[in-house]
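Everything below concerns the one structure shown next.
In what follows, chains are A, B, ... by sequence order, proteins preceding strands, each numbered from 1.
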Amino acid sequence: MNLWIGIGLLLAADFFIIFNLLSKADDAKKKHLLKLKESEAMRLTALRKNSKLVEKNQIASGFELAYRSRLKEINQGMVDLQLFLTIISSKTNL
Amino acid sequence: MLKKGITFFCFFLLLEASGQDFKKLLVQAYLSKDSSDYYFKSAKRLIKTEADAGEYYFCKNARHVDYGNPDSAVLYGKTAIEKLTKANSTTSLYTVYNNINKVYKKQGQYDKGLHYLFEGLKLAEKEKANNWIRYFYTQLSLNYHDFENYSKGVYYGKKAVDLFLKEAKPDPSSTYSALNALAINYDDWDKPEQALYYHKMVFKFIKGKDTMSLASTYNNIGNTLLKQKKYKEAEGWINRAVTITDLTKGSGASFNHYYYYEHATHYTNLATIASELGDFQKAEKMFEKAYYFAKKSQSAEKLRDYYYQSSQFNKKRKNLAQTIKDQDLYIKLRDSVYRADRAKTVADVEAKYQNEKKEKELLLAKNKLMLEQSQHKEKTNWLIFISLVTVSAFVAGYLLLRQQKLKNRQQQQEFELKNAIAAIETQNKLQEQRLAISRDLHDNIGAQLTFIISSIDNLKYGFTIENEKLKAKLSAINVFTRNTITELRDTIWAMNKDEITFLDLKTRIANFIETAKTASQGTTFTFEIEDSLSDEVVFSSLQGINIYRVIQESIHNSLKYAEASEINVKIKQEQGKTNILISDNGKGFNPDTVVLGNGLNNMNKRIAEVGGQLTVISQPGMGAKIQVML
């Protein structure tokens, strides 16, 4: 009789432990999924921000590339202008 | 032995009773010669419990047994049994059972005596009181002997002897009683060899001075030899018994009884020997003594034996009258001892005892079986219990392991994701830094370009420049610088917006066309947008600036190279995509043969960069169409 009571108590304890373990595992899974979702959202936000920054840098690069080629011509013009001013100043004694 | 037991018990009571009046009074009542009644009365007043009452009646029973009052002894004995049973006082109970047997045995009522002996034996077996079991076996052997049922006497005698001989150090006095009982049964069963064997075995246990207590053994050996017609030898043993009995004669009622009883046997045997040897005078004297002691002993058995031998003696002397008289008395006593109905009762008592014993054995066997079954069941239960514990441990262990693995995997995933986020954020920071540097640079460039333009304007207005080449150069620098500033503004516009709506783009394109209109008076510009296109359509800043630049470049090309008089810009929605068409009515060109300049290549690159498609449709003299699908 006492043995059966013992078996009963043991089974109850087992069920409790197993239920507890399963429940903990379930909670941990839920928490993990929530964390993953949050992290994924953060990653996507960061990625979006990144793509925008990349685009802007591309725009800036495009301009800078065009500007560099134009700057050569401007420079040439400026050299010519410098020459002209030198000639003018020598003529007018300025 | 019993006498010693009772005396010891009384002595024990005396010790126990120090300070206890009741027990003290009982001892005094038992031992006192003249004032027994007084002490018993005093003790009776002090009875408080059933146990006290039991002890009181037990002492009364013992007293009456010793003083030869059979009726009172039986009456008090029965009352004592009732009380002692209730009080569960087993030691006194054994003695009472034996006392009552003693009384009935003396009266030749062996059936009744046997009943009490069996009751005592049952109790002793139940309590596992081995000394008492052996004692009751001995008494049963003696009772059956006196009842002339020698086979039974031998049976119980052997049981008693076997039990004693199993002991490492058997009690000599008790062993002697058992051996004596067994031997006399063999003797009267006409088995003298066995009788002598067991009689003489007594001397292995009792030696030296102690042999003084063996009067009955000496007599019994003599008796056996008598039956073997070894008269002289027999006479010697019996005479020794007589001497010992006379020497060891004690005092008190119980000692007297023993003395008379033993002498009755001795003198009957001596008379028989004298008769057999033909010494009638001696025989007559011996018979007289035998009669005296037999009467005094109040033993039916002894009187019976006396009358039998006396009748034989008178028959030999041809004294027929006395022979008949003795014969009659002998038959009368023998019948009183051995009546058929009594024999039946004895058999019934025996059968009852044996039945009860068998039932008890059966019950024990049943209990043993049940115990074994219960043990087996318990073992099975334990096995189930242990199996359950093991399975539970495995399940719990598996679950814990699984949980740990899951936790590790989750941590790994979280770690990887955090790393990815950290990498992206690091990249973002780098991009932001780069952007910040670009902004600084643009501000700087803007200021420098403005300075250049104002410097050139100052030069133009401050000096009269006649050198046409230089003038053209200055104008080119001016135009270049202004275009660069415009481009810089467009770039800053695009960079400052996270996304560009179609409305923004539309406004900017319209502004550009207006500016172009002002600059090119002879050219007609049209700008059409399909109604289905929503202003809310959103482009990324790169898409927005690239579309704007392509339109800008196309119009610029139409004005600069195609000399077009009409330029159309049309934007519509087609198959879920934005379709931008820039067309002119200029000179046109063959796209297969004409080497594409930087402008067209750049346009292609820009549209490809935002995932769109650019198509150039033109023929010489047929104008040109540039289509962008995005």
Side-chain angles (χ1 to χ4, degrees), chain A residues 2-4 6-7 10-11 13-15 17-18 20-22 24-25 28-29 31-33 35-36 38-40 42-67 69-71 73-78 80-81 83-85 87-88 92, chain B residues 378 381-382 384-385 388-389 391-392 395-396 399-400 402-403 406-407 410 413-414 417-418 420-421 424-425 427-428 431-432 434-435 438-439 441-442 445 452 456 459 463 465 467 470 473-474 476-477 480-481 483-484 487-488 490-491 494-495 498-499 540-543 545-546 549 602 606 609:
Chain A
N2 285 339
L3 192 68
W4 284 112
I7 290 173
L10 180 81
L11 282 175
D14 278 349
F15 279 124
I17 290 166
I18 290 166
N20 209 19
L21 283 171
L22 288 173
K24 266 188 182 174
K29 201 175 174 181
K31 268 186 191 173
H32 170 69
L33 286 175
K35 228 176 196 179
L36 277 188
E38 281 171 5
S39 297
E40 186 61 24
M42 280 168 74
R43 196 178 73 89
L44 288 174
T45 310
L47 267 178
R48 263 199 298 275
K49 191 178 172 185
N50 185 261
S51 78
K52 278 191 172 67
L53 286 168
V54 168
E55 273 184 359
K56 283 176 184 177
N57 274 319
Q58 274 177 328
I59 294 166
S61 300
F63 168 75
E64 280 153 22
L65 207 68
Y67 174 70
S69 65
R70 283 189 183 172
L71 201 61
E73 290 183 36
I74 291 168
N75 266 348
Q76 191 54 52
M78 290 308 243
D80 291 348
L81 191 63
L83 191 66
F84 169 71
L85 285 174
I87 295 163
I88 293 278
T92 55
Chain B
E378 203 174 329
N381 288 345
W382 273 110
I384 293 170
F385 184 72
L388 277 172
V389 170
V391 170
S392 310
V395 171
L399 285 173
L400 277 169
R402 201 184 71 152
Q403 199 173 335
L406 202 71
K407 206 174 168 184
Q410 287 171 353
Q413 279 178 343
E414 282 169 20
L417 210 60
K418 271 182 188 168
I421 292 169
I424 295 165
E425 278 177 353
Q427 221 178 358
N428 284 356
Q431 296 284 357
E432 275 172 353
R434 194 171 181 274
L435 210 60
S438 291
R439 278 190 180 124
L441 187 70
H442 295 164
I445 290 170
I452 291 169
I456 289 167
L459 276 173
F463 302 95
I465 301 164
N467 189 327
L470 185 62
K473 201 77 171 173
L474 279 173
I477 292 169
F480 254 87
T481 312
N483 283 345
T484 309
E487 271 182 31
L488 182 63
D490 293 338
T491 304
M495 276 170 67
D498 280 342
E499 53 191 26
S540 71
S541 49
L542 187 65
Q543 281 175 326
I545 192 75
N546 282 1
R549 288 253 188 270
N602 279 344
R606 281 180 189 278
E609 202 175 47

Bottom line for B/Arg402: the part with an atom under 4.5 Å from chain A's heavy atoms is side chain

Bottom line for A/Ile59: the part with an atom under 4.5 Å from chain B's heavy atoms is both

When the 4.5 angstrom heavy-atom criterion is applied to A/Ala13 and chain B, the contacting part is neither

If one checks every heavy atom of A/Asp14 against chain B at 4.5 Å, the contacting part turns out to be side chain

The interface call for A/Leu11 against chain B, heavy-atom contacts under 4.5 Å, is side chain

| message | With heavy-atom distances below 4.5 Å as the criterion, would you say the side chains of B/Leu542 and B/Arg606 are in contact? | response | no

When every non-hydrogen atom of B/Ile445 is compared with those of A/Phe63, the smallest separation belongs to CD1-CE2, 4.3 Å

Note: vs chain B, highest number of non-hydrogen pairs under 4.5 angstrom among A/Ile17, A/Leu22, A/Val54 is A/Val54

Most heavy-atom pairs under 4.5 Å with chain A, out of B/Ile545, B/Ile452, B/Thr491, belong to B/Thr491

If one checks every heavy atom of B/Val389 against chain A at 4.5 Å, the contacting part turns out to be both

Across all chains, not counting sequence neighbours, the ring-ring contact (aromatic ring centres under 6.0 Å, His included) partners of A/Phe15 are none

Discussion item. Angle between ring planes, B/Phe385 versus B/Trp382, binned at 30° and 60°: parallel, tilted or perpendicular?
Written reply: perpendicular

Between the CD atom in B/Glu432 and the CZ atom in B/Arg439, the distance rounded to the nearest 0.5 Å is 9.5 Å

inquiry  = What I want to find out is whether A/Arg43 reaches A/Glu40 closely enough, with some N-O distance under 4.0 Å, to be called a salt bridge.
reply    = yes

Most heavy-atom pairs under 4.5 Å with chain A, out of B/Glu609, B/Lys407, B/Met495, belong to B/Met495

Got A/Lys49 and A/Thr45 here, is their nearest side-chain heavy-atom distance under 4.5 Å?
no

In terms of heavy-atom pairs under 4.5 Å with chain A, the winner among B/Glu425, B/Gln543, B/Gln410, B/Gln431 is B/Gln410

So, the part of B/Asn483 with a heavy atom under 4.5 Å from chain A: the answer is both

Under 4.5 Å to a heavy atom of chain A? For B/Leu441 that would be side chain

| Do B/Asn428 side-chain atoms and A/Leu53 backbone N/O form a donor-acceptor pair below 3.5 Å? | no

The reported gap from CG in A/Asn50 to NZ in A/Lys52 (rounded to nearest 0.5 angstrom) is 11.0 Å

One option among B/Arg549, B/His442, B/Lys418 has the most heavy-atom pairs under 4.5 Å with chain A, and it is B/His442

Cut-off 4.5 Å, heavy atoms of chain B, and the answer for A/Lys29 is both

Given A/Ala28, A/Ser39, A/Ala25, the one with more heavy-atom pairs under 4.5 angstrom with chain B than any other is A/Ser39

Closest non-hydrogen atoms of B/Ser438 and A/Ala60, given as atom of the first, atom of the second and distance, are OG-CB, 3.8 Å

